Trainee: 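My questions will all concern the structure given below.
As the structure is a computational prediction, the values presented were derived from the model and not from experiment. All chains are named by letter (A, B, ...) in the order of the sequence lines, taking the proteins before the strands, and each is independently numbered beginning at 1.
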Amino acid sequence: MTSAKTISLTTTTGITLTYPSKQPTPNSTTGEIAPEHKQLTGNKLLTNPSLEPTLASLKGRPVALMIEQTLYDLMTPITSGGTVKILTLADAETLPIYRHTAAHVMAYAIRTLFPDVKFAIGPAIDNGFYYDMDNITLNASDFKAIEKAMQTIIKEQFENKRFEISYKEALALFKDEPYKIELIKDLGETTPLTYYKMGDFIDLCRGPHLPTIAPIKGFKLNKLAGAYWRGKATNKMLTRLYALAFLDKPSLKTYITKVAEQERYDHNKIGREMDLFINDALVGQGLPLLTHKGTLVKQRIQTLVETEERRAGYLHTLTPHLAKSDLYKTSGHWDHYKDSMFIIQSGDDEFALRPMTCPFHFALYNSQRRSYKELPIRYAETSTLFRNEASGEMHGLIRVRQFTLSDGHIICTNDQVEQEFKSCLELLLYFLKILDIKNYTFRLSKWDAAEAGSKFIDNPAMWEQTEDQMRTILTKYNYSFVEAVGEAAFYGPKLDVQTTNVYGKEDTLLTIQIDFALPERFKMTYIDENDKKQQPVVIHRASIGCYERTIALLVERYHGNLPFWLAPDQIAIFPVHNKLTAYAKGLETQFIKEGFQVLCDTREESLGKRIRSVQKSRIPYLLIIGDKEQATETLSVRTRDNKVLDGIAIKDFIAACHEMQRNHLLECQVSTLKKTATS
RNA sequence: GCUGGCUUAGCUCAAUUGGCAGAGCAGCUGACUUGUAAUCAGCAGGUUGUGGGUUCGACUCCCAUGGCCAGCUCCA
């Protein structure tokens, strides 16, 4: 049938595969395939007939290949050998291909309903795909019609055909698609171009794709948003339509249920429900007010952080919340961030609320002549910072205009950088461990040479050196990390600890940065052992990051059930009837003396009602006090997960609470109490 | 800042095509004295975010604006 030369590949299952060397080419004027090439498309590529995909069902059949970690679809000629994994729909590696093909189906459907639409890009993403479009107005009420059109298209079981075309042919074929034309021109005349065709819908695309759209099942359009063309805010904003896509409807449903479940723990909802913070339109956007409960949580974390920092050799400072603009001009922040600083004009003087602490610590350092014998100097401050974030950026406690950073700056010699960097890392890992935060990843945030001089200080040698330094340390101590170009600070690379919120949105929780630029700008020096002036290195670091963001993460991590030592109200006391009020009040006093935060509810309401009324506060322990408890000097302890333990001796309960408080224990030590109760 | 959605009592939500703003919870008053997630009855609660406009008449339609939510962009 073909004159294909055979390229032999080793497969994990020992199957030999052959591939045709010749590819179908389109008729350049119409975009149609020449008839003699038709048999080369689709599913004729495997020599083992039992493995051939069929249009009717791809279940258990090969749909794509992975050769040396690169994905190929079955329509693409293979030009090099290697270890091959044959992928079926069941393989995890296939899912992005499936989603990408589904994106094309959606585009096809939209084209039939909105013929004037102009397509940009439509990639697979986690959990689904999106397509960016122009010249179209959509709203959620269009979703059903689009989904229905997609179903209709899928029923046709179109093959997904692949074509290689020249630069000129591509320009002609996509002449009505301005965004595709821009992509083609950017790829240039020398890059091989391909497009895919299903039914009468064609799309410029590198692939890979499923050989047929028949198996596409579990999808749901879910979100409409604006997105800048090529991710640049100066470009036109396009319409982005997001969809979820899974192999089948049950997995789609499972995912939707899971997400709904997760979103119930949004700190922005339950943080307010727990009465940790509020917002007030008169105060302003991005300026949350912590209630007394939120303040208790913050103060407790702060105590932990500052205690550990002192142990780690940090010197705590208190520096001004504003400074003359000259300070930020010296640091370079003015050039980079002037627009997002709060600037205050006072007579002839220009001030700004501080957006970071570093120059203040540098001023302290520079207030004396420093010897190498003093280094490293480790400054730390629980620092209030102000950043005028864009109005669309604010989010609960995660992104705000005023926040409190567990900030710190280590000024050290070049030789001390590795040790100090490692200590910073260990300190923040210690905090993450105590708080039992596990959903984080390390990101080595590097500069982008393309933006040298504008976004980043133009000193390639120093960038290379510090990034290597960081990479070496991380590798040496076996921390796995991803590298991200263009995510550095303007003065140096960062190790960012990234986390995600309940919506899966990624944010930086903690950061350690090596700074080679600001010591120069602030003319920081020390005298070395040879009586020579040297320039120190600065490490910027955060212990727990910003308290507001950390509280948000904790609320989501614990679903509001903060550990005993962090819970705003730790214990609530409920006398069963009002003759026990005095006794309950006595207990309250006793617990307060022990240092716990206690609520005593003596309202003349039913016990059930009073218990119900504190459920939203998620108090770890409710103590029900009846005549029996008073007579035996015991407690009936109800935990917030609704377990009831009767007959707990008061002193044992107090001891257990102290234990949890002192050791920052995560679990309410119900088992300990129980043991005491039954012994 | 941009795109889309939303904005009604303290909270959660109703109110047909433009035709008298309504309920539950919370609050207050009274009765009940309570054993582990809502005792009963009554009362009160609003310039429908704000400012304009269209209309005999606007919660409803239009314009502007504040705020909230998701996404994009940004994040020292």
Trainee: Is A:K628 touching bases, backbone alone, or none of the nucleic acid, heavy atoms closer than 4.0 Å?
Mentor: base
Trainee: Would you kindly check whether a donor in the side chain of A:S636 faces an acceptor in the base of B:rU36, or vice versa, at under 3.5 angstrom?
Mentor: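 Under the 3.5 Å cut-off, the side chain and the base do form a donor-acceptor pair.
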Trainee: Taking only N and O in the side chain of A:Q285, is any of them less than 4.0 Å away from OP1 or OP2 of B:rG66?
Mentor: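 It does not, given that no N or O in the side chain of A:Q285 lies less than 4.0 Å from OP1 or OP2 of B:rG66.
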Trainee: Scan A:A489 against the nucleic acid and name what it touches under 4.0 Å (heavy atoms): base, sugar-phosphate only, or nothing.
Mentor: sugar-phosphate
Trainee: Against A:R378, only a single residue in A:H361, A:H409, A:E420 fulfils side-chain hydrogen bond (donor to acceptor under 3.5 Å, both in side chains); can you say which?
Mentor: A:E420
Trainee: Using a cut-off of 4.0 Å on non-hydrogen atoms, how would the nucleic acid contact of A:K455 be classed: base, sugar-phosphate, or nothing?
Mentor: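 Contact class for A:K455: sugar-phosphate only.
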Trainee: Answer yes or no: does a side-chain N or O of A:N268 lie under 4.0 Å from OP1 or OP2 of B:rC69?
Mentor: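 So the side chain of A:N268 is within the cut-off, an N or O lying under 4.0 Å from OP1 or OP2 of B:rC69.
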Trainee: Does B:rA76 have a Watson-Crick or wobble mate here (both distances under 3.5 Å), and if so which one?
Mentor: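 Looking at the geometry, B:rA76 pairs with no nucleotide.
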Trainee: Does A:H395 have a side-chain nitrogen or oxygen under 4.0 Å from the phosphate oxygens OP1 or OP2 of B:rA70?
Mentor: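 Answer is yes, contact under 4.0 Å.
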Trainee: Using the six-membered ring of A:F129, assess whether NZ or CZ of A:R99 lies under 6.0 Å from its centre and within 45 degrees of the ring axis.
Mentor: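 Output no; distance or angle outside limits.
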Trainee: Check every strand shown and say whether A:S340 touches a base, only sugar-phosphate, or nothing at a heavy-atom separation below 4.0 Å.
Mentor: base
Trainee: Evaluate the side-chain proximity of A:L224 to A:Y242: yes if any heavy-atom separation is below 4.5 Å, no if none is.
Mentor: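 A side-chain contact under 4.5 Å is absent here.
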Trainee: Heavy atoms under 4.0 Å, any strand shown: does A:R610 hit a base, just sugar-phosphate, or nothing?
Mentor: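 It contacts nothing in the nucleic acid.
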Trainee: Nearest 0.5 Å, please: how far is CG in A:L397 from OH in A:Y547?
Mentor: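 A:Y547 OH to A:L397 CG: 14.5 Å, rounded to 0.5 Å.
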Trainee: Ring of A:Y491 versus six-membered ring of B:rA76: centres under 5.5 Å and planes under 30°?
Mentor: no
Trainee: At 4.0 Å (heavy atoms only), tell me whether A:G231 reaches a base, stays on the sugar-phosphate, or touches nothing.
Mentor: sugar-phosphate
Trainee: Work out how far the P atom of B:rU48 is from that of B:rU60, and round it to whole angstrom.
Mentor: 10 Å
Trainee: Can you tell me the Watson-Crick or wobble partner of B:rC2, both distances under 3.5 angstrom?
Mentor: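 Pairing partner: B:rG71.
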Trainee: Could you give the CD1-to-P distance, from A:I398 to B:rC74, as a whole number of Å?
Mentor: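 Taking CD1 of A:I398 and P of B:rC74, I get 19 Å after rounding.
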Trainee: In whole angstrom, give the distance that lies between atom CZ of A:F574 and atom C1' of B:rA37.
Mentor: 11 Å
Trainee: Check every strand shown and say whether A:F490 touches a base, only sugar-phosphate, or nothing at a heavy-atom separation below 4.0 Å.
Mentor: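 Result for A:F490 = nothing.
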Trainee: Please tell me if A:K609 has a side-chain N or O lying less than 4.0 Å from either OP1 or OP2 of B:rA26.
Mentor: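 Yes, A:K609 has a side-chain N/O under 4.0 Å of OP1/OP2 on B:rA26.
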Trainee: Using a heavy-atom cut-off of 4.0 Å across all strands, would you classify A:K494 as base, sugar-phosphate, or nothing?
Mentor: sugar-phosphate
Trainee: Is there a donor N/O on one and an acceptor N/O on the other, under 3.5 Å, for the side chain of A:R399 and the base of B:rC74?
Mentor: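 Answer is yes: a donor-acceptor pair is held.
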Trainee: Test A:S383 against every option in A:T319, A:T357, A:D407, A:T317 by the side-chain hydrogen bond (donor to acceptor under 3.5 Å, both in side chains) rule and name the one that passes.
Mentor: A:T357
Trainee: OP1 or OP2 of B:rU39 versus the side-chain N and O atoms of A:S606: is any pair under 4.0 Å?
Mentor: yes
Trainee: Any side-chain heavy-atom pair from A:V537 and A:F516 closer than 4.5 angstrom?
Mentor: no
Trainee: Over all strands shown, is A:Q513 touching base, sugar-phosphate only, or nothing at heavy-atom distances under 4.0 angstrom?
Mentor: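 Here A:Q513 touches the backbone only, sparing every base.
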Trainee: Rounding to a whole Å, what distance do you find between A:H333:NE2 and B:rC75:P?
Mentor: 13 Å
Trainee: Any base atoms under 4.0 Å from A:G626, or only sugar-phosphate, or nothing? Heavy atoms, all strands.
Mentor: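 The residue A:G626 makes base contact.
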Trainee: Report yes or no: is there a donor-acceptor pair, N or O only, under 3.5 Å between the side chain of A:E629 and the base of B:rG35?
Mentor: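 Result: at least one qualifying N/O pair found.
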